[in-house]
Amino acid sequence: MEVIFSNQDLAMEILSRLSAKNLLRCKCVSKRWMSLISDPSFVRIHHQRSRCILGLLVQEFKEYGGNFRGDDYFLYTSVNGELGIFKLMDESFPQPTSVIMASCDGLICYRSRRTRDVEVLDIVVWNPMTQERLTLRPTDCHVGSIFGLAFYPFGSSAKMIPCFKVVSIQHAKHDQNSYSFVIYSSETGKWKTSLEVCYCKDELHKNKHIYVNGRFYWLTSNQNIITFEVDEELSGVITVPGSKWLDGGARLACLGDSDGYLHYVCIDMSELRVWMLTDHCKPIWVLKHHINIDQFGEESRDHYIHRVWHSTEMIGDSFVVDAQTFHDEVVYLSIRGRLCSYDFKTGRLRFFFNGSYLRHMTKVQATVLPYTPTLATTGLPWLKQNFGSASISFASTSFNYQGRPRKKLKTRKT
(Lines give C-alpha, C1' and ligand atoms only; values in the text may rest on other atoms or scores of the structure.)
Protein backbone atom coordinates (compact mmCIF):
# COMPACT_ATOMS: atom_id res chain seq x y z
CA MET A 1 0.00 0.00 0.00
CA GLU A 2 2.76 2.45 0.93
CA VAL A 3 4.58 1.66 -2.33
CA ILE A 4 1.47 2.45 -4.35
CA PHE A 5 0.73 5.68 -2.55
CA SER A 6 4.34 6.82 -2.67
CA ASN A 7 3.52 7.88 -6.22
CA GLN A 8 1.68 11.21 -5.89
CA ASP A 9 -0.13 10.98 -9.23
CA LEU A 10 -1.24 7.39 -8.66
CA ALA A 11 -2.44 8.18 -5.15
CA MET A 12 -4.45 11.13 -6.45
CA GLU A 13 -5.95 9.01 -9.23
CA ILE A 14 -7.13 6.34 -6.76
CA LEU A 15 -8.28 8.55 -3.89
CA SER A 16 -10.17 11.00 -6.11
CA ARG A 17 -12.61 8.20 -6.97
CA LEU A 18 -13.71 7.70 -3.36
CA SER A 19 -16.74 9.38 -1.82
CA ALA A 20 -16.34 12.58 0.19
CA LYS A 21 -17.40 10.75 3.34
CA ASN A 22 -14.71 8.07 2.90
CA LEU A 23 -12.07 10.70 2.11
CA LEU A 24 -12.77 12.45 5.40
CA ARG A 25 -11.91 9.16 7.11
CA CYS A 26 -8.77 8.80 4.97
CA LYS A 27 -7.51 12.11 6.32
CA CYS A 28 -6.93 10.34 9.62
CA VAL A 29 -4.57 7.75 8.08
CA SER A 30 -1.48 9.95 7.96
CA LYS A 31 -0.29 13.54 7.65
CA ARG A 32 0.68 12.82 4.04
CA TRP A 33 -2.82 11.65 3.16
CA MET A 34 -4.34 14.63 4.95
CA SER A 35 -2.10 17.00 2.99
CA LEU A 36 -3.00 15.35 -0.32
CA ILE A 37 -6.76 15.26 0.30
CA SER A 38 -6.76 18.87 1.51
CA ASP A 39 -4.86 20.13 -1.53
CA PRO A 40 -7.06 22.47 -3.67
CA SER A 41 -6.05 20.71 -6.89
CA PHE A 42 -7.16 17.36 -5.45
CA VAL A 43 -10.46 18.87 -4.26
CA ARG A 44 -11.09 20.22 -7.76
CA ILE A 45 -10.39 16.83 -9.40
CA HIS A 46 -12.61 15.05 -6.89
CA HIS A 47 -15.39 17.57 -7.46
CA GLN A 48 -15.33 16.91 -11.20
CA ARG A 49 -15.62 13.16 -10.63
CA SER A 50 -18.26 13.19 -7.87
CA ARG A 51 -21.21 14.38 -9.92
CA CYS A 52 -23.30 11.27 -9.24
CA ILE A 53 -25.83 11.82 -6.48
CA LEU A 54 -25.70 9.71 -3.32
CA GLY A 55 -29.24 10.24 -2.16
CA LEU A 56 -32.51 12.14 -2.29
CA LEU A 57 -33.84 14.63 0.24
CA VAL A 58 -37.60 14.10 0.54
CA GLN A 59 -40.05 16.21 2.52
CA GLU A 60 -43.82 16.52 2.70
CA PHE A 61 -45.43 19.29 4.73
CA LYS A 62 -48.34 21.67 5.06
CA GLU A 63 -47.77 25.19 6.18
CA TYR A 64 -50.72 27.22 7.37
CA GLY A 65 -51.35 29.40 10.39
CA GLY A 66 -48.54 27.84 12.38
CA ASN A 67 -50.25 24.45 12.63
CA PHE A 68 -47.80 21.59 11.98
CA ARG A 69 -49.47 18.35 11.01
CA GLY A 70 -48.27 15.17 12.65
CA ASP A 71 -47.97 13.36 9.33
CA ASP A 72 -45.44 15.84 7.93
CA TYR A 73 -42.03 14.27 7.53
CA PHE A 74 -38.49 14.55 6.15
CA LEU A 75 -36.36 11.61 5.06
CA TYR A 76 -33.14 10.87 3.25
CA THR A 77 -33.00 7.90 0.92
CA SER A 78 -29.82 6.42 -0.49
CA VAL A 79 -29.50 6.09 -4.26
CA ASN A 80 -26.30 4.02 -4.51
CA GLY A 81 -26.60 1.93 -1.34
CA GLU A 82 -24.40 4.19 0.83
CA LEU A 83 -26.25 4.34 4.17
CA GLY A 84 -23.55 5.95 6.30
CA ILE A 85 -25.02 9.43 5.95
CA PHE A 86 -28.63 8.35 6.50
CA LYS A 87 -28.54 8.58 10.29
CA LEU A 88 -26.63 11.83 10.15
CA MET A 89 -29.34 13.40 7.98
CA ASP A 90 -32.20 11.90 9.96
CA GLU A 91 -30.94 13.10 13.34
CA SER A 92 -29.59 16.49 12.28
CA PHE A 93 -32.40 18.02 10.23
CA PRO A 94 -34.85 19.99 12.46
CA GLN A 95 -37.96 18.37 11.01
CA PRO A 96 -40.92 19.86 12.91
CA THR A 97 -40.10 23.52 12.30
CA SER A 98 -38.20 23.65 9.00
CA VAL A 99 -38.88 23.52 5.27
CA ILE A 100 -36.13 22.35 2.93
CA MET A 101 -35.50 24.72 0.04
CA ALA A 102 -32.49 23.72 -2.05
CA SER A 103 -29.39 21.54 -2.34
CA CYS A 104 -26.25 22.54 -4.22
CA ASP A 105 -22.97 20.58 -4.35
CA GLY A 106 -23.24 19.28 -0.77
CA LEU A 107 -24.77 22.34 0.91
CA ILE A 108 -28.44 22.42 1.92
CA CYS A 109 -30.66 25.44 2.41
CA TYR A 110 -33.78 25.33 4.57
CA ARG A 111 -36.00 27.91 6.24
CA SER A 112 -38.26 28.19 9.26
CA ARG A 113 -41.98 27.72 8.77
CA ARG A 114 -44.36 30.62 8.63
CA THR A 115 -46.57 31.08 11.68
CA ARG A 116 -48.96 33.75 12.94
CA ASP A 117 -46.28 35.03 15.28
CA VAL A 118 -43.25 34.86 12.97
CA GLU A 119 -42.95 37.61 10.38
CA VAL A 120 -39.25 37.28 9.52
CA LEU A 121 -38.06 33.85 8.41
CA ASP A 122 -34.76 32.29 9.44
CA ILE A 123 -32.86 30.92 6.46
CA VAL A 124 -30.23 28.30 7.26
CA VAL A 125 -27.35 27.06 5.10
CA TRP A 126 -26.34 23.65 6.41
CA ASN A 127 -23.22 21.61 5.70
CA PRO A 128 -24.12 18.01 6.71
CA MET A 129 -20.52 16.85 6.24
CA THR A 130 -19.18 19.14 8.98
CA GLN A 131 -22.48 19.84 10.81
CA GLU A 132 -21.98 23.60 10.50
CA ARG A 133 -25.07 25.77 10.14
CA LEU A 134 -25.19 29.39 9.13
CA THR A 135 -28.43 31.14 10.13
CA LEU A 136 -29.36 34.15 8.02
CA ARG A 137 -31.93 36.69 9.19
CA PRO A 138 -32.89 39.10 6.41
CA THR A 139 -33.02 42.72 7.57
CA ASP A 140 -34.03 45.89 5.74
CA CYS A 141 -35.34 43.90 2.77
CA HIS A 142 -38.55 42.24 1.60
CA VAL A 143 -38.23 38.47 1.18
CA GLY A 144 -40.76 35.77 0.42
CA SER A 145 -40.83 32.07 1.30
CA ILE A 146 -39.01 30.66 -1.77
CA PHE A 147 -35.21 30.57 -1.67
CA GLY A 148 -32.55 29.21 -4.01
CA LEU A 149 -28.95 28.30 -3.21
CA ALA A 150 -25.89 28.77 -5.43
CA PHE A 151 -22.60 27.29 -4.18
CA TYR A 152 -19.28 28.28 -5.77
CA PRO A 153 -16.82 25.54 -4.68
CA PHE A 154 -13.82 27.35 -6.11
CA GLY A 155 -14.87 30.95 -5.66
CA SER A 156 -16.87 33.46 -7.67
CA SER A 157 -14.20 36.16 -7.72
CA ALA A 158 -10.45 36.65 -7.97
CA LYS A 159 -10.09 35.46 -4.36
CA MET A 160 -10.90 31.88 -5.43
CA ILE A 161 -12.34 31.16 -1.98
CA PRO A 162 -15.40 28.87 -1.71
CA CYS A 163 -18.55 30.92 -1.21
CA PHE A 164 -22.30 30.77 -1.74
CA LYS A 165 -25.29 32.97 -2.48
CA VAL A 166 -28.90 32.64 -1.37
CA VAL A 167 -31.54 34.21 -3.63
CA SER A 168 -35.09 35.03 -2.56
CA ILE A 169 -37.77 35.54 -5.21
CA GLN A 170 -41.11 37.12 -4.34
CA HIS A 171 -43.79 39.41 -5.72
CA ALA A 172 -42.64 43.00 -5.74
CA LYS A 173 -43.90 44.76 -2.61
CA HIS A 174 -46.33 47.04 -4.44
CA ASP A 175 -46.90 45.05 -7.64
CA GLN A 176 -48.38 41.55 -7.71
CA ASN A 177 -47.69 41.29 -11.46
CA SER A 178 -43.91 41.32 -11.09
CA TYR A 179 -41.15 39.62 -9.11
CA SER A 180 -38.19 41.07 -7.24
CA PHE A 181 -34.97 39.39 -6.11
CA VAL A 182 -33.01 39.64 -2.85
CA ILE A 183 -29.50 38.20 -2.66
CA TYR A 184 -27.32 37.14 0.27
CA SER A 185 -23.60 36.69 -0.39
CA SER A 186 -21.30 34.86 2.01
CA GLU A 187 -18.43 37.01 0.68
CA THR A 188 -19.99 40.20 2.05
CA GLY A 189 -22.17 38.70 4.78
CA LYS A 190 -25.03 40.98 3.73
CA TRP A 191 -28.41 40.93 1.98
CA LYS A 192 -29.14 43.27 -0.90
CA THR A 193 -32.19 43.93 -3.03
CA SER A 194 -31.48 43.63 -6.74
CA LEU A 195 -32.61 46.44 -9.04
CA GLU A 196 -33.83 43.79 -11.47
CA VAL A 197 -37.61 43.29 -11.79
CA CYS A 198 -39.23 40.44 -13.72
CA TYR A 199 -42.73 41.09 -15.05
CA CYS A 200 -44.79 37.91 -14.81
CA LYS A 201 -48.33 37.35 -13.49
CA ASP A 202 -47.89 33.61 -12.84
CA GLU A 203 -47.68 32.08 -9.39
CA LEU A 204 -44.57 30.07 -8.58
CA HIS A 205 -44.49 26.44 -7.51
CA LYS A 206 -42.98 26.37 -4.03
CA ASN A 207 -40.48 23.59 -4.71
CA LYS A 208 -39.97 23.40 -8.48
CA HIS A 209 -36.80 25.41 -9.00
CA ILE A 210 -33.16 24.65 -9.75
CA TYR A 211 -29.76 26.30 -10.09
CA VAL A 212 -27.76 25.41 -13.22
CA ASN A 213 -24.56 27.06 -14.47
CA GLY A 214 -24.99 30.43 -12.82
CA ARG A 215 -28.75 30.72 -13.37
CA PHE A 216 -31.82 30.05 -11.26
CA TYR A 217 -34.95 28.65 -12.88
CA TRP A 218 -38.40 28.71 -11.25
CA LEU A 219 -41.34 26.83 -12.77
CA THR A 220 -44.65 28.75 -12.70
CA SER A 221 -48.25 27.54 -12.47
CA ASN A 222 -48.85 28.69 -16.06
CA GLN A 223 -46.03 26.51 -17.40
CA ASN A 224 -43.49 29.27 -17.82
CA ILE A 225 -40.03 29.47 -16.28
CA ILE A 226 -38.66 32.59 -14.60
CA THR A 227 -34.89 32.82 -14.93
CA PHE A 228 -32.37 34.87 -12.96
CA GLU A 229 -28.67 35.15 -13.77
CA VAL A 230 -26.96 35.66 -10.42
CA ASP A 231 -23.76 37.53 -11.27
CA GLU A 232 -25.26 39.92 -13.82
CA GLU A 233 -28.62 40.07 -12.00
CA LEU A 234 -30.66 39.68 -15.18
CA SER A 235 -34.05 37.95 -15.36
CA GLY A 236 -36.38 36.65 -18.04
CA VAL A 237 -39.36 34.39 -18.77
CA ILE A 238 -39.13 31.20 -20.84
CA THR A 239 -42.14 29.23 -22.10
CA VAL A 240 -41.81 25.48 -21.61
CA PRO A 241 -42.29 23.15 -24.60
CA GLY A 242 -45.30 20.94 -25.14
CA SER A 243 -49.03 21.49 -24.80
CA LYS A 244 -50.74 23.27 -21.91
CA TRP A 245 -52.33 21.22 -19.15
CA LEU A 246 -55.80 21.47 -17.68
CA ASP A 247 -54.53 21.95 -14.12
CA GLY A 248 -51.52 24.09 -14.94
CA GLY A 249 -49.14 21.13 -14.76
CA ALA A 250 -48.84 21.34 -10.98
CA ARG A 251 -47.99 17.66 -10.58
CA LEU A 252 -46.93 16.62 -14.04
CA ALA A 253 -43.60 18.37 -14.55
CA CYS A 254 -40.26 19.05 -12.92
CA LEU A 255 -36.91 20.69 -13.64
CA GLY A 256 -33.49 19.06 -13.59
CA ASP A 257 -30.00 19.23 -15.02
CA SER A 258 -27.55 17.03 -16.88
CA ASP A 259 -24.12 18.03 -18.17
CA GLY A 260 -24.77 21.62 -17.13
CA TYR A 261 -27.98 22.03 -19.18
CA LEU A 262 -31.46 22.75 -17.88
CA HIS A 263 -33.93 19.90 -18.48
CA TYR A 264 -37.72 19.99 -18.35
CA VAL A 265 -39.57 16.73 -17.66
CA CYS A 266 -43.31 16.38 -18.25
CA ILE A 267 -45.84 13.59 -18.51
CA ASP A 268 -47.77 14.25 -21.72
CA MET A 269 -50.76 11.93 -21.86
CA SER A 270 -49.27 8.43 -22.07
CA GLU A 271 -45.70 9.61 -22.60
CA LEU A 272 -42.96 10.90 -20.36
CA ARG A 273 -40.88 13.47 -22.21
CA VAL A 274 -37.56 15.09 -21.36
CA TRP A 275 -36.64 18.37 -23.04
CA MET A 276 -33.23 20.05 -22.92
CA LEU A 277 -32.67 23.81 -23.12
CA THR A 278 -29.73 24.20 -25.48
CA ASP A 279 -29.77 28.01 -25.58
CA HIS A 280 -31.32 30.07 -22.78
CA CYS A 281 -31.06 33.34 -24.74
CA LYS A 282 -33.38 32.43 -27.64
CA PRO A 283 -34.54 29.94 -26.09
CA ILE A 284 -34.19 26.61 -27.90
CA TRP A 285 -35.66 23.35 -26.55
CA VAL A 286 -34.71 19.92 -27.91
CA LEU A 287 -36.71 16.76 -27.20
CA LYS A 288 -34.10 14.44 -25.69
CA HIS A 289 -36.07 11.43 -24.37
CA HIS A 290 -39.60 10.13 -24.59
CA ILE A 291 -41.01 6.84 -23.32
CA ASN A 292 -44.46 5.35 -22.90
CA ILE A 293 -45.50 5.18 -19.26
CA ASP A 294 -47.33 1.91 -19.91
CA GLN A 295 -43.95 0.17 -19.53
CA PHE A 296 -44.28 1.03 -15.82
CA GLY A 297 -47.41 -1.13 -15.71
CA GLU A 298 -50.71 -1.17 -17.61
CA GLU A 299 -52.57 -0.15 -14.47
CA SER A 300 -50.55 3.07 -14.22
CA ARG A 301 -51.30 4.06 -17.81
CA ASP A 302 -55.00 3.17 -17.80
CA HIS A 303 -55.64 4.76 -14.41
CA TYR A 304 -53.76 7.90 -15.47
CA ILE A 305 -55.75 8.36 -18.71
CA HIS A 306 -59.00 7.75 -16.82
CA ARG A 307 -58.13 10.52 -14.36
CA VAL A 308 -57.26 12.99 -17.15
CA TRP A 309 -60.48 12.53 -19.09
CA HIS A 310 -63.05 11.82 -16.35
CA SER A 311 -62.02 13.98 -13.40
CA THR A 312 -63.84 17.34 -13.16
CA GLU A 313 -61.61 18.52 -10.32
CA MET A 314 -57.92 17.82 -10.95
CA ILE A 315 -56.36 19.77 -8.09
CA GLY A 316 -55.86 17.57 -5.05
CA ASP A 317 -56.28 14.36 -7.04
CA SER A 318 -53.51 11.79 -6.96
CA PHE A 319 -51.97 10.90 -10.31
CA VAL A 320 -50.45 7.49 -10.67
CA VAL A 321 -47.19 8.63 -12.30
CA ASP A 322 -45.59 11.92 -11.24
CA ALA A 323 -42.21 13.40 -12.19
CA GLN A 324 -40.27 14.55 -9.11
CA THR A 325 -36.77 15.54 -10.27
CA PHE A 326 -34.15 14.79 -12.92
CA HIS A 327 -30.37 14.48 -12.67
CA ASP A 328 -27.67 13.04 -14.95
CA GLU A 329 -30.04 11.20 -17.32
CA VAL A 330 -32.05 9.70 -14.46
CA VAL A 331 -35.64 10.77 -13.78
CA TYR A 332 -37.02 10.27 -10.28
CA LEU A 333 -40.71 9.43 -10.25
CA SER A 334 -43.46 8.43 -7.91
CA ILE A 335 -45.63 5.58 -9.16
CA ARG A 336 -48.74 5.19 -7.03
CA GLY A 337 -46.89 6.98 -4.24
CA ARG A 338 -43.77 4.83 -4.41
CA LEU A 339 -40.55 6.71 -5.11
CA CYS A 340 -38.51 5.19 -7.95
CA SER A 341 -35.98 6.08 -10.64
CA TYR A 342 -35.73 5.41 -14.35
CA ASP A 343 -32.26 5.50 -15.92
CA PHE A 344 -32.39 6.49 -19.60
CA LYS A 345 -28.88 5.14 -20.12
CA THR A 346 -29.71 1.60 -19.01
CA GLY A 347 -33.50 1.52 -19.34
CA ARG A 348 -33.72 0.30 -15.74
CA LEU A 349 -36.65 1.10 -13.43
CA ARG A 350 -35.80 0.91 -9.74
CA PHE A 351 -38.09 1.31 -6.71
CA PHE A 352 -36.65 2.74 -3.51
CA PHE A 353 -39.41 1.81 -1.07
CA ASN A 354 -42.02 -0.87 -0.45
CA GLY A 355 -45.13 1.16 0.24
CA SER A 356 -46.69 4.57 -0.28
CA TYR A 357 -44.51 7.45 0.85
CA LEU A 358 -45.57 10.42 -1.27
CA ARG A 359 -49.15 11.36 -0.46
CA HIS A 360 -49.68 14.06 -3.11
CA MET A 361 -50.94 16.79 -0.84
CA THR A 362 -53.47 19.28 -2.14
CA LYS A 363 -51.44 22.49 -2.33
CA VAL A 364 -47.78 21.58 -2.05
CA GLN A 365 -46.25 18.59 -3.81
CA ALA A 366 -43.51 16.68 -2.03
CA THR A 367 -40.04 18.19 -2.23
CA VAL A 368 -37.55 15.75 -3.79
CA LEU A 369 -33.98 17.06 -4.19
CA PRO A 370 -30.79 15.30 -5.31
CA TYR A 371 -27.98 15.42 -2.76
CA THR A 372 -24.27 15.13 -3.59
CA PRO A 373 -21.74 15.62 -0.76
CA THR A 374 -18.43 17.06 -1.95
CA LEU A 375 -15.05 17.76 -0.39
CA ALA A 376 -15.41 21.39 -1.45
CA THR A 377 -17.82 22.02 1.44
CA THR A 378 -15.07 21.21 3.96
CA GLY A 379 -13.05 24.16 2.64
CA LEU A 380 -15.70 26.78 3.33
CA PRO A 381 -14.30 29.62 5.49
CA TRP A 382 -17.27 29.61 7.88
CA LEU A 383 -15.30 31.17 10.73
CA LYS A 384 -12.91 33.38 8.79
CA GLN A 385 -15.25 36.12 7.64
CA ASN A 386 -17.54 38.68 9.18
CA PHE A 387 -21.01 37.38 8.36
CA GLY A 388 -22.86 40.43 9.67
CA SER A 389 -26.28 39.26 10.91
CA ALA A 390 -25.44 35.60 10.34
CA SER A 391 -24.68 33.22 13.17
CA ILE A 392 -22.91 29.84 13.26
CA SER A 393 -23.94 26.77 15.20
CA PHE A 394 -22.60 23.24 15.42
CA ALA A 395 -24.29 19.93 16.14
CA SER A 396 -23.39 18.28 19.45
CA THR A 397 -22.67 14.96 17.75
CA SER A 398 -19.41 14.41 15.91
CA PHE A 399 -18.20 11.45 13.87
CA ASN A 400 -14.94 9.57 14.14
CA TYR A 401 -12.98 8.27 11.18
CA GLN A 402 -15.02 5.04 11.12
CA GLY A 403 -18.26 6.98 10.72
CA ARG A 404 -19.71 6.01 14.12
CA PRO A 405 -21.11 8.68 16.46
CA ARG A 406 -18.98 9.45 19.44
CA LYS A 407 -19.74 11.34 22.60
CA LYS A 408 -18.64 14.91 22.86
CA LEU A 409 -15.59 15.15 25.13
CA LYS A 410 -16.00 17.04 28.38
CA THR A 411 -13.53 19.76 29.17
CA ARG A 412 -12.20 20.37 32.66
CA LYS A 413 -12.19 23.90 33.96
CA THR A 414 -8.85 25.18 35.20
Side-chain angles (χ1 to χ4, degrees), residues 59 61 63 98-104 107-114 118-125 136-152 156 163-186 188 190-240 248-250 253-257 262 264 277 280 283 325 363-365 367-369:
Q59 185 181 32
F61 71 95
E63 184 178 37
S98 302
V99 177
I100 193 165
M101 287 279 100
S103 172
C104 185
L107 292 184
I108 295 173
C109 178
Y110 63 87
R111 64 167 174 83
S112 56
R113 296 201 191 192
R114 288 196 178 278
V118 177
E119 296 182 359
V120 180
L121 296 177
D122 282 346
I123 301 95
V124 180
V125 177
L136 314 175
R137 296 182 178 89
T139 56
D140 301 324
C141 57
H142 169 61
V143 301
S145 59
I146 300 176
F147 298 88
L149 174 65
F151 176 36
Y152 303 86
S156 62
C163 61
F164 64 84
K165 292 182 180 179
V166 174
V167 175
S168 169
I169 181 174
Q170 58 280 314
H171 281 297
K173 203 166 187 178
H174 304 293
D175 184 5
Q176 292 300 301
N177 294 325
S178 64
Y179 284 93
S180 62
F181 306 91
V182 179
I183 307 169
Y184 173 86
S185 172
S186 66
T188 63
K190 297 179 181 179
W191 292 88
K192 76 167 186 176
T193 301
S194 173
L195 297 177
E196 180 70 3
V197 175
C198 182
Y199 294 95
C200 182
K201 297 181 180 180
D202 302 349
E203 291 296 322
L204 298 179
H205 290 305
K206 292 184 179 296
N207 52 15
K208 290 184 178 290
H209 56 266
I210 194 171
Y211 172 76
V212 182
N213 263 355
R215 289 178 179 268
F216 284 101
Y217 300 89
W218 292 273
L219 189 62
T220 76
S221 58
N222 198 32
Q223 291 175 271
N224 290 312
I225 296 176
I226 294 179
T227 72
F228 182 70
E229 205 282 333
V230 185
D231 291 337
E232 298 296 329
E233 297 184 24
L234 298 175
S235 64
V237 179
I238 299 173
T239 300
V240 302
C254 68
L255 301 178
D257 84 284
L262 175 72
Y264 171 73
L277 184 67
H280 58 264
T325 190
K363 294 183 178 179
V364 182
Q365 189 183 9
T367 299
V368 181
L369 298 175

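Numbering starts at 1 and runs along the sequence shown. All values below come from the heavy atoms of this structure, side chains included, with hydrogens, waters and symmetry mates left out.
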From Leu204 atom CG to Ser221 atom OG, the distance as rounded to the nearest 0.5 Å = 8.0 Å

Would you call [X] and [Y] a side-chain contact if the rule is heavy atoms closer than 4.5 Å?
X	Y	result
Phe151	Val125	no
Val230	Phe216	yes
Lys192	Cys141	no
His142	Val182	no
Ile225	Leu277	no
Leu121	Val143	no
Phe147	Tyr110	no
Val237	Tyr199	no

Would you check, one step at a time, whether the test side-chain contact (heavy atoms from CB on, under 4.5 Å) holds for Tyr179 with Val197?
-> CA-CA 6 Å; Tyr179 284 93; Val197 175; over 6 Å; no

More than 12 heavy atoms of other residues, nucleotides or ligands under 6.0 Å from CG of Asp140: is that the case?
-> no

Compare every heavy atom of Leu262 with every heavy atom of Ile210, then report the nearest pair and how far apart it is.
->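 It is CG2-CD1, 3.7 Å.
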
Exercise: identify the closest heavy-atom pair between Gln176 and Ala172 = NE2-O, 3.9 Å

Main-chain N/O of [Y] paired with [X] side-chain donor or acceptor, under 3.5 Å:
X	Y	answer
Lys165	Ile183	no
Thr325	Leu369	no
Glu196	Ser235	yes
Gln170	Ser145	no
Ser112	Asp122	yes
Ser186	Cys163	no
Gln59	Ile100	yes

Mind running side-chain contact (heavy atoms from CB on, under 4.5 Å) on Glu232 and Arg215 for me, showing each step along the way?
-> CA-CA 10 Å; Glu232 298 296 329; Arg215 289 178 179 268; over 6 Å; no

Would you please classify the geometry between the Phe181 ring and the Trp218 ring as parallel, tilted or perpendicular, with 30° and 60° separating the classes?
-> tilted

Under 6.0 Å between ring centres, would you say that holds for Tyr217 and His209?
-> no

